[in-house]
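Okay, so here's the structure we're looking at.
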Protein chains: 2
Amino acid sequence: MPYDPSAFPPFAVTVDLVVLTVRRDALCALVVRRGEQPFQGRWALPGGFVRAEEDLTAAAARELAEETGLCVHDPRSPAPGSGAHLEQLATYGDPKRDPRMRVVSVAHLALAPDLPPPRAGGDANQARWSPVGSLLSQQGGARHEDQYGQLAFDHTRILADGVERARSKIEYSSLATAFCPPEFTVGELRRVYEAVWGVALDPRNFHRKVTGTPGFLVPTGGTTTRQGGRPAQLFRAGGATLLNPPMLRPEV
Amino acid sequence: MPYDPSAFPPFAVTVDLVVLTVRRDALCALVVRRGEQPFQGRWALPGGFVRAEEDLTAAAARELAEETGLCVHDPRSPAPGSGAHLEQLATYGDPKRDPRMRVVSVAHLALAPDLPPPRAGGDANQARWSPVGSLLSQQGGARHEDQYGQLAFDHTRILADGVERARSKIEYSSLATAFCPPEFTVGELRRVYEAVWGVALDPRNFHRKVTGTPGFLVPTGGTTTRQGGRPAQLFRAGGATLLNPPMLRPEV
DNA sequence: GGAATAGTGTCTGTGAGACAGTATGCG
DNA sequence: CGCATACTGTCTCACAGACACTATTCC
């Protein structure tokens with residue numbers, strides 16, 4: 001029965017956002033506190049309904065702007081500044097995932113440089129960056145329960161999928177630069193990899209590898225000394241999106 | 001406005017299937033001829049509405065069974081025989097992708113061993129395997145137009161995304177075995193890689209690599225001579241799902 | 001000077017690709 | 001026999017990881 005418009009089950013379609021950033025050497029996700037039932041008072045991923053004439057990506061970009069003020073990179077134009085990377089993650093449609101009605105949520109993954117603490121969006125009374133380690137390690141225990149608790153709905157699962165996507169994607173793409181400001185040093189980029197993967201990397205091999213991959217980094221000519229020590233060259237992201245050879249996660 | 005159940009835009013949700021197999025050394029996709037408007041008479045990917053109390057994956061598995069008779073592997077149980085691999089691909093929700101109404105389609109990717117020509121499903125009056133090269137190379141030209149034409153809706157895009165997913169996923173996972181019968185030779189597995197990637201591989205290096213990757217292949221003890229030449233050992237898929245080291249596509 | 005970070009050089013093991021050579025079936 | 005396919009061995013180059021060493025800043 002292909003497409004009988006007169007008799008199809010009614011669905012609500014939402015977008016949920018896994019917004020990741022690196023703050024103080026930790027991978028953090030944006031969560032908002034729910035003001036309504038169900039899961040009132042619990043933390044959840046930001047999201048909302050897709051509008052009637054709105055594309056899915058446009059809905060995700062709109063929600064991202066509402067929650068963070070970030071604009072989205074157009075992947076085709078050389079990114080000027082503090083735009084974010086946005087891509088579709090997966091779709092979650094278990095009939096019981098929302099107790100009130102049938103909701104299909106198209107989750108998106110956004111990667112952003114470190115930002116000032118988020119302003120509360122129009123539709124969320126509280127928002128914060130939380131380390132993903134804390135959000136994902138709630139194995140039924142009571143630790144930090146007041147601080148975080150389990151995320152609402154199936155958002156823990158969605159967050160885990162988003163984090164895994166980010167971890168694997170920075171291996172073979174230049175996406176790690178989306179966590180960095182427009183100009184950054186090799187050391188800053190290395191700390192991004194270390195935070196996302198949760199491992200320590202050899203600074204010397206990392207430097208040789210990352211500067212030797214064509215199209216990954218472009219020197220801007222400037223230097224900085226914001227980390228202490230010898231001044232470091234500043235770079236911006238090069239045109240390459242796929243890294244060849246890839247960066248390899250240790251201990252696989 | 002998170003979740004106002006009384007006022008959300010109504011959506012129809014469907015699943016579309018990219019079902020791939022390898023036939024006669026070519027990567028082929030399952031297409032069905034549409035019996036209704038719009039795009040009546042054009043080829044399209046199989047698919048249909050998600051039912052009111054049905055999970056997305058269950059809907060995809062149901063459609064797959066209706067079109068091909070295939071059962072889906074449970075990835076957790078050791079796969080006995082000719083089940084298919086099924087995974088979510090991506091979700092397509094452009095407001096204009098269906099001219100009649102707002103339809104969000106959750107596309108799934110299925111990989112199956114070579115099958116007898118498909119029986120027409122209950123909701124499709126014709127079905128066939130077509131080489132993906134023919135389906136994807138319709139650059140506005142008129143060649144093969146009677147045979148294939150452009151796929152209906154945005155299905156060319158969905159198919160292209162599914163093929164690219166399959167091409168990249170057999171690099172770092174053992175998914176290529178999903179294209180093989182329960183027992184197969186190294187040469188047959190190599191022809192799967194060659195068909196999916198569209199390249200020629202060195203049989204000797206391939207053999208050394210694939211038999212040296214732990215957990216990828218398990219010898220069954222039997223041999224076969226169905227390709228002519230010296231009899232080849234028969235294998236079945238091992239327990240490993242992630243290949244380390246990965247198979248690498250040449251010319252990247 | 002001492003600590004910290006940036007950047008370069010050198011060695012070694014692993015593995016991919018190229019390809020010689022052997023084994024075993026069919027006609 | 002020739003031919004096709006299966007399988008093993010060897011060589012070379014590239015690169016990942018380990019780590020010594022130098023450079024430049026701040027204290």
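Small disclaimer: the values here were computed from a predicted structure and weren't measured. Here is how names work: the chains are called A, B, and so on, in the same order as the sequence lines, proteins then strands, and each is numbered from 1.
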**Request:** Using chain B heavy atoms and a threshold of under 4.0 Å, write down where along DNA chain C the contacts begin and end, 5' to 3'.
**Result:** dA16(C) to dG25(C)
**Asked** Any salt bridge (charged side-chain N to carboxylate O under 4.0 Å, His left out) pairs touching residues 230-240 of chain B, not counting sequence neighbours?
**Response** none
**Prompt:** In degrees, rounded to 10°, what is the bend between the two ends of the helix from dG1(C)-dC27(D) to dG27(C)-dC1(D), using five pairs at each?
**Reply:** 0°
**Item:** Option among T224(B), T177(B), T220(B) that satisfies the side chain to side chain contact (heavy atoms under 4.5 Å, CB included) test with F184(B)
**Value:** T177(B)
**Fill in**
side chain to side chain contact (heavy atoms under 4.5 Å, CB included) with E87(B): of V72(B), L175(B), L111(B), only one passes, and it is L175(B)
**Asked** Do R128(A)'s NZ or CZ and the ring of W43(A) fall within the cation-pi criteria of under 6.0 Å and 45°?
**Response** yes
**Message:** Between D16(B) and S105(B), do the side chains contain a donor N or O and an acceptor N or O under 3.5 Å apart?
**Reply:**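 There is such a pair (donor and acceptor under 3.5 Å, judged by atom type) between the side chains of S105(B) and D16(B).
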**Item:** Pair Q150(B), T156(B): side-chain N/O donor-acceptor within cut-off below 3.5 Å
**Value:** yes
**Message:** Heavy atoms only, 4.0 Å cut-off, all strands: where does P203(B) land among base, sugar-phosphate and nothing?
**Reply:**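 P203(B): no heavy atom of the nucleic acid under 4.0 Å.
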**Asked** ring pair (Phe, Tyr, Trp, His ring centres under 6.0 Å) with Y193(A): which residues, sequence neighbours excluded?
**Response**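 Partners of Y193(A) under the ring pair (Phe, Tyr, Trp, His ring centres under 6.0 Å) test: W197(A), F206(A).
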**Request:** To the nearest Å, give me how far apart CZ (F206(B)) and P (dT5(D)) are.
**Result:** 16 Å
**Asked** In whole angstrom, what separates L248(B)'s CG from dA14(D)'s C1'?
**Response** 13 Å
**Asked** Is any side-chain N of the basic residue among E164(A) and R249(A) closer than 4.0 Å to the acidic one's carboxylate O?
**Response** yes
**Message:** Taking the basic N atoms (NZ, or NE/NH1/NH2) and the acidic carboxylate oxygens, is any pair closer than 4.0 Å for R165(A) and D161(A)?
**Reply:** no
**Request:** Mark up nucleotides 18-27 of chain D, 5' to 3', with B wherever a protein heavy atom is under 4.0 angstrom from a base atom, S wherever such an atom reaches only the sugar-phosphate, and - elsewhere.
**Result:** BBBB-BBB--
**Prompt:** Reckon K209(A) has a side-chain N or O less than 4.0 Å from the OP1 or OP2 of dA16(D)?
**Reply:** yes
**Asked** Between dC7(D) and H207(B), is there an OP1 or OP2 to side-chain N/O distance shorter than 4.0 Å?
**Response**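 Yes.
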**Message:** H207(A): which residues meet the side-chain contact (heavy atoms from CB on, under 4.5 Å) condition with it, sequence neighbours left out?
**Reply:**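 In terms of side-chain contact (heavy atoms from CB on, under 4.5 Å), with neighbours along the sequence ignored, H207(A) is linked to V186(A), T211(A).
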**Message:** Surrounding CZ of R157(A) (heavy atoms of other residues, nucleotides or ligands, distance under 6.0 Å), is the total greater than 12?
**Reply:** no
